[in-house]
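To start, the structure under review is shown below, and the notes come after it.
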Protein chains: 2
Amino acid sequence: MDQVKQTPAKAISILRHAEKLFAHKGFEATSVREIAHAAKVNVAMISYYFGSKEKLLEKLFEKRMTSGLEFVQQIMESPELNEWQKMTVILRNYVNNIFHAQNFYLVMLSTQVTTKNKRILALLRRTRLNYIELFDLFALLGVEKRLFKYRPDPYLLQSTIIGSLYYALQMKPVFKDHSKNHQSLAEFDEEYFNKLFEYLKNILATLLGYEDN
Amino acid sequence: MDQVKQTPAKAISILRHAEKLFAHKGFEATSVREIAHAAKVNVAMISYYFGSKEKLLEKLFEKRMTSGLEFVQQIMESPELNEWQKMTVILRNYVNNIFHAQNFYLVMLSTQVTTKNKRILALLRRTRLNYIELFDLFALLGVEKRLFKYRPDPYLLQSTIIGSLYYALQMKPVFKDHSKNHQSLAEFDEEYFNKLFEYLKNILATLLGYEDN
DNA sequence: AAATAAATTAAACAACCGTTTGATATTTTT
DNA sequence: AAAAATATCAAACGGTTGTTTAATTTATTT
C-alpha cells in the first residue's frame with residue numbers, strides 16, 4: 001500500500017491538452033476554459049489539481065525538463081565512451097527529445113522570451129548553462145587527448161547547435177510545404193530530425209576539428 | 001503642399017512603446033492600456049490610428065520587415081561583388097538589423113510560433129523563403145565559378161545562420177551574466193554581435209567550402 | 001472669421017478572464 | 001455500514017480585456 005501517489009489520469013490529460021494549446025496559441029492566448037474543454041473536465045479541476053494556470057505551466061516545464069538530466073548523468077559516467085562519442089550521444093538524445101515532444105519545445109520557444117515566472121526562468125537558465133559547461137568540458141578534455149584540434153567558444157557553440165534545432169523545429173511546416181514533400185507527417189518528421197542530427201554532428205566535428213577515422 | 005502624408009508622431013510613439021512591451025511581455029500579455037500609458041496617449045488613440053491591437057502588430061511587422069528588402073535588391077545588382085562577398089554583406093546587414101532592432105526581433109521570436117495572423121505569417125514566410133532561395137542561388141553560382149566547393153542544403157543552412165542569431169539574441173542576458181562581463185550594455189552588444197558575425201561567416205565559409213584568398 | 005477636418009478625451013460597452021464557492025457525488029478508509 | 005477523504009460540478013465573483021461612443025478641443029482649409 002505504500003505506493004508513491006502518482007499523478008491522476010485527469011491531471012495528465014489536462015497537462016497534455018494544455019501543452020498542445022500553449023504550443024499553437026501561446027500561454028496567454030489560451031484560456032483555462034479551452035483547456036478544460038479539450039481535456040473534457042470541469043474548469044475548476046485545473047485549480048483543483050494545479051492551483052493556477054501559471055502553476056500548470058510550471059508543472060509542464062518541470063515534467064518535461066527534468067527527464068533529460070538523468071540521461072546526461074548516465075552518459076557522463078560511461079568510461080567506455082570518448083569525448084566525441086559522449087557529445088554525439090547527448091546530441092542524439094536531445095534531438096530525440098525534441099522529436100518526441102515537439103509541442104513542448106514550441107511552448108518553450110514562445111514562452112522563454114516573455115515569461116516572468118522565476119521558477120521557469122531558473123530552470124531554463126540552469127539547464128542551458130549545464131549543457132554549455134558540459135560541452136566545454138568535453139571540448140577541453142578532447143583537446144588535451146588530441147582527439148579535437150579546437151575548443152570553440154562555448155556560447156557560440158551552443159547558439160549554433162540549439163539555435164539550429166529550435167529554428168528547424170519552428171520552420172518545419174514551412175520547409176515541408178515549400179520543398180513540396182508529399183510524405184506523411186510522421187515519415188517526414190523522422191527523416192527531418194535524422195538529417196538534422198547528422199548535419200549538426202558534422203558542424204560539431206568541424207568546430208572541434210575532429211577527424212573521422 | 002503635395003507632401004506624402006507621413007505617420008503622425010503619436011502613432012510612431014505608440015508603435016515604439018508597443019514594440020518594447022511586446023518584446024518583454026508578449027503580445028497577448030500586453031494590454032492596450034499599458035501601451036497607451038507608456039506612450040502617454042489616450043487608449044482610444046490606438047484604435048484611432050491603427051484600427052485594433054492586432055493591426056498595430058501587423059503595422060509593426062510591416063514597418064520592420066520591408067526595410068531590409070531594398071538593401072538585398074541593391075546588393076544583388078552589384079556586379080563588382082562576387083557571390084561570397086554578396087553573402088557576407090547581406091549577412092552583415094542582417095546582423096546589423098538585429099543589433100539595431102533587438103526588441104522587434106524578440107517580438108518576432110515570441111510571436112511567430114503562436115500567431116494566427118495571416119498577413120504576418122505570409123510576410124514571415126515570404127521573407128524567409130526569399131533569403132533561402134537567394135543564398136541557394138549564390139551557392140549554386142559560386143560552385144559553378146569554382147568559388148565554392150559545396151552547395152549545402154538550403155534549409156539547413158538557413159536554420160544554422162538564422163537559428164544561431166536568434167538563439168544568441170534571446171540568450172544574450174544569460175550569456176552576459178554568466179560570462180561575468182562588466183562592460184556597459186552598449187559596449188557588450190557591439191562586441192557580441194561583431195563576434196557573432198565573424199563566427200557565422202566562418203561557418204558559412206566552411207559549409208560552402210570557401211577558401212579565404 | 002466661418003466652416004471643415006482631425007485629434008483627443010472620459011466614460012461606457014459587452015465579452016471574457018482566472019479563480020473561488022458551496023453543494024453534491026464518488027471513492028477510500030475505518 | 002458508517003465515516004472520512006477525494007473528486008466533480010454549475011454558478012457566481014470581481015476584475016480586466018479590446019473596442020466604441022459621443023462630446024469636446026485643436027488644427028486646417030475655405
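The chains referred to below are lettered A, B, ... by the order of the sequence lines, with proteins before strands, and numbering in each begins at 1. Fair warning: this is a prediction, and the values are worked out from it, not measured in the lab. The figures that follow rest on heavy atoms only: side chains count, while hydrogens, waters and symmetry mates do not.
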Problem set entry | Shortest non-hydrogen separation from B/P152 to B/D136 and the atoms involved | O-OD1, 4.3 Å

For this session: Please list residues of residues 106-116 of chain A whose heavy atoms come under 4.0 Å from any atom in DNA chain C, ordered by number; otherwise none.
Result: none

For this session: Please check if the side chain of B/Y167 supplies one atom and the backbone of A/L156 the other of a donor-acceptor pair under 3.5 Å.
Result: no

Problem set entry | Rounded interatomic separation in angstrom, taking NZ from B/K10 and C1' from C/dA7 | 8 Å

Exercise. If you draw the axis of the six-membered ring of A/F27, does the NZ or CZ of A/K53 fall within 45° of it and under 6.0 Å from the ring centre?
Worked result: yes

Problem set entry | Parallel, tilted or perpendicular, as decided by the 30° and 60° cut-offs, for the rings of B/Y94 and B/Y131 | perpendicular

Exercise. Within this structure, what is the CD-to-P distance between B/E28 and C/dC17, rounded to whole angstrom?
Worked result: 10 Å

Exercise. Do other residues, nucleotides or ligands put more than 12 heavy atoms under 6.0 Å from B/K63 NZ?
Worked result: yes

Problem set entry | Residue B/K195 excluded, over 12 heavy atoms near NZ under 6.0 Å | no

For this session: Could you check whether B/F50 gets within reach of a base, just the sugar-phosphate, or nothing at all, counting any heavy atom under 4.0 Å?
Result: nothing

Exercise. Nearest-Å distance, CD (B/E34) to P (D/dT19)?
Worked result: 15 Å

Problem set entry | Protein-nucleotide distance (A/L56, atom CG; C/dG18, atom C1'), rounded to Å | 12 Å

For this session: Evaluate the ring planes of A/F61 and A/F104, with Trp represented by its six-membered ring, and classify them as parallel (under 30°), tilted (30 to 60°) or perpendicular (over 60°).
Result: perpendicular

Seminar exercise, completed: Whole-Å distance, A/H37 NE2 to D/dT8 C1', equals 17 Å

Exercise. With sequence neighbours excluded, what pairs up with A/R125 under the side chain to side chain contact (heavy atoms under 4.5 Å, CB included) test?
Worked result: A/L129, B/V174, B/D177

Seminar exercise, completed: From CD1 of A/I14 across to C1' of D/dT8 the rounded distance in Å is 11 Å

Exercise. Do we get B/K176 above B/F188's six-membered ring, with its NZ or CZ under 6.0 Å from the centre and within 45° of the axis?
Worked result: yes

For this session: Spell out protein contact along nucleotides 19-28 of chain C as letters: B when the base is contacted, S when just the sugar-phosphate is, - when no protein heavy atom is under 4.0 Å; keep the 5' to 3' order.
Result: BB--------

Exercise. How many Å lie between NZ on B/K25 and P on D/dT16, as a whole number?
Worked result: 12 Å

Exercise. How close or far is atom C1' of D/dA10 from atom CE of A/M45, stated in whole angstroms?
Worked result: 14 Å

